[in-house]
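Heads up, the thing below is written out as structure tokens.
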Amino acid sequence: MKKECLLLAVAAFLSACHHASEPAPAQKQGQDFGTYIRELTADTSVGVGRSKRPPEELRLFRSSAVDHKIEEVQRLLAPNPYLAWMLGNCLPNTLETTVHYRQVDGDDDTFVYTGDIAAMWLRDSGAQVWPYVEFAASDPELAKMLRGVILRQWKCICLDPYANAFLDGDMESQWKSDQTEMKPGVHERKYEIDSSCYPIRLAYRYWKATADGSVFGKEWLTAIDNILVMFRRQQHKEGGGNGYRFKRTTDRQFDTMGWDGTGHPAKPVGLIASAFRPSDDATVFPYLVPSNFMAVSSLRKAAEILTNVNHDRQRAQSCRKLADEVEQALRKYAVVDHPTYGKIYAYEVDGYGSHLLMDDANVPSLLSMAYLGDVPLSDPVYQNTRRFVWSTDNPAFFRGKAGEGVGGPHVGMDMPWPMSIMMLAFTSQDDAEIKHCIEMLMSTDAGTGFIHESFHKDDARHYTRSWFAWQNSLFGELILKLIADGKTDLLNSCRRDHDAGTKNNLKTNKQ
């Protein structure tokens with residue numbers, strides 16, 4: 001019986017491969033690439049197994065190493081055609097639809113769109129290309145593309161360390177009227193700690209994977225100097241303000257800053273203020289805890305690079321000193337006693353004693369800190385926090401007929417983000433919990449074969465952003481990790497709920 005099931009599964013997969021060779025839905029005459037990709041990713045008429053990658057002649061970038069990995073993984077996932085199909089659609093999505101690689105002044109330069117927005121976020125771009133770094137050593141062209149991303153990120157930080165998103169060439173920002181120091185080339189100037197951390201995280205991993213230290217030249221040193229100056233100012237130790245203000249004419253509370261553009265007051269305690277969250281929403285209290293944890297680990301990565309590549313002991317010491325100071329402040333101010341969960345990490349604090357107990361879906365989040373390596377998975381405070389985050393005691397946690405997860409004010413009530421489900425799976429040591437996460441991801445794609453920004457907890461057909469490359473890259477990364485962890489059989493046991501949103505048949509492993 002098992003042999004018959006296996007043969008049926010292989011036959012189904014071979015059939016899927018046959019359909020995958022068929023071209024993607026045709027691009028309409030006169031239709032621009034962005035509109036085509038938005039329609040392609042949202043199309044639910046494409047059968048399972050028929051690739052939703054753009055035709056080869058339209059792909060912005062190709063990697064033989066990534067293509068070979070997709071083929072390998074799809075063979076392993078033959079008993080689960082739907083998951084194999086999703087992996088094939090999602091893993092190359094950043095490469096083929098958002099990566100703009102070229103040579104500028106004889107050097108690599110890569111501008112990465114976030115997806116349906118023609119701008120490059122430092123955070124998103126660093127996360128979007130992250131899963132490809134492991135293939136860089138075996139694919140020289142891919143390595144050049146990644147090198148171009150890193151060099152472009154240093155240029156961005158040199159232009160404006162407070163900006164979170166940038167434009168390519170002479171494009172004009174829709175946010176040019178924001179009341180802050182907007183510069184040409186800046187798309188949005190929402191200061192977020194993690195915007196400086198993600199480029200360091202990416203460059204560090206690239207260096208470790210390829211031993212290529214050429215990305216750490218003059219612009220890298222200038223970028224680090226800018227980051228150090230900015231972080232110190234945002235510790236609020238200097239009188240007369242911290243040098244950053246932001247106001248926007250908007251009907252969205254979280255799209256602007258209160259207190260006449262300076263944000264909630266912060267008591268200088270050693271932590272670094274962040275005006276905005278990774279969601280691009282304004283913080284309530286300025287010391288964003290998960291971003292401060294990421295700053296600590298990023299500064300230490302920077303110190304290692306400065307020591308071993310640049311042989312710059314002075315800058316390295318400055319990074320270590322600031323990291324140590326922030327870490328000590330986190331120990332003192334970031335932990336609170338919860339009546340149900342014991343000691344947990346607050347999401348935001350102000351140094352005066354106020355704290356916000358919640359988590360947001362966007363990374364860095366409290367849930368993602370172990371995924372990022374900013375705290376050990378075994379940290380008992382993190383484990384308590386993790387239980388809190390995935391519960392109805394977290395005001396941004398939503399559970400319904402279609403699925404469950406963490407959301408936030410960026411999209412609004414009852415809209416969990418698949419990103420949070422993936423973070424739960426990345427940080428899980430429980431096979432039942434991992435399976436629950438994968439089945440939710442498979443069941444909440446609305447039949448598109450892609451991962452969306454968010455979905456309605458009671459009906460996954462109601463979702464935001466059909467083309468959001470970060471989520472697709474992250475999904476590919478998760479599947480590759482689980483296979484590397486020996487979870488192939490677990491993945492093949494996962495089943496999609498075709499009626500997600502019409503009946504409540506999802507079991508919850510954590511209350």
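Starting from 1, each residue takes its place in the sequence as its number.
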Exercise for the section: State whether F468 and R465 meet the cation-pi test: NZ (Lys) or CZ (Arg) under 6.0 Å from the six-membered ring centroid, and within 45° of the perpendicular axis. Expected result: yes

Practice task
Return the orientation label for the F388 and Y341 ring planes: parallel under 30°, perpendicular over 60°, tilted otherwise.
Solution key: perpendicular

Practice task
Decide if the gap between the ring center of Y162 and the ring center of F246 is smaller than 6.0 angstrom.
Solution key: no

Problem - Where at least one partner belongs to residues 361-384, residue pairs that pass ring pair (Phe, Tyr, Trp, His ring centres under 6.0 Å), sequence neighbours excluded - result: Y371-F426

Exercise for the section: Determine, for D359 against R386, whether the closest basic-nitrogen to carboxylate-oxygen distance falls under 4.0 angstrom. Expected result: no

Completion exercise
Scanning both residues in full, the closest heavy-atom pair of G126 with Q153 reads N-NE2, 3.5 Å

Problem - Closest approach of T464 to H452 (non-hydrogen atoms, all atoms of both residues) - result: O-CB, 3.5 Å

Problem - Modelled atom types, side-chain donor and acceptor of T94 and S473, under 3.5 Å - result: yes

Fill in the blank from the handout: Distance col, row M120:CE vs N164:CG, nearest 0.5 angstrom, shows 12.5 Å

Practice task
Could you tell me how the ring of W220 sits relative to the ring of W154: parallel (under 30°), tilted (30 to 60°) or perpendicular (over 60°)?
Solution key: tilted

Problem - Carboxylate-amine/guanidinium contact K183 D160, below 4.0 Å - result: no

Fill in the blank from the handout: Heavy-atom closest pair (C494 atom, E439 atom, distance to 0.1 Å) is CA-OE2, 3.4 Å

Exercise for the section: Quick one: sort the H264 and F285 rings into parallel, tilted or perpendicular, breaks at 30° and 60°. Expected result: perpendicular

Handout entry: E192 and R277 ion-paired at < 4.0 Å
Key = no

Handout entry: Full working for side chain to side chain donor-acceptor pair (under 3.5 Å) between Y206 and D212
Key = CA-CA 8 Å; Y206 170 84; D212 178 13; 2.6 Å; yes

Problem - Salt bridge D485-K481, side-chain N to carboxylate O under 4.0 Å - result: yes

Handout entry: Stepwise side chain to side chain contact (heavy atoms under 4.5 Å, CB included) test for V289 and L271
Key = CA-CA 9 Å; V289 170; L271 295 172; 5.9 Å; no

Problem - Nearest atoms (heavy-atom pairs only) where T283 meets P286 - result: OG1-CA, 3.9 Å

Problem - Check: H187 ring centre within less than 6.0 Å of W121 ring centre - result: yes

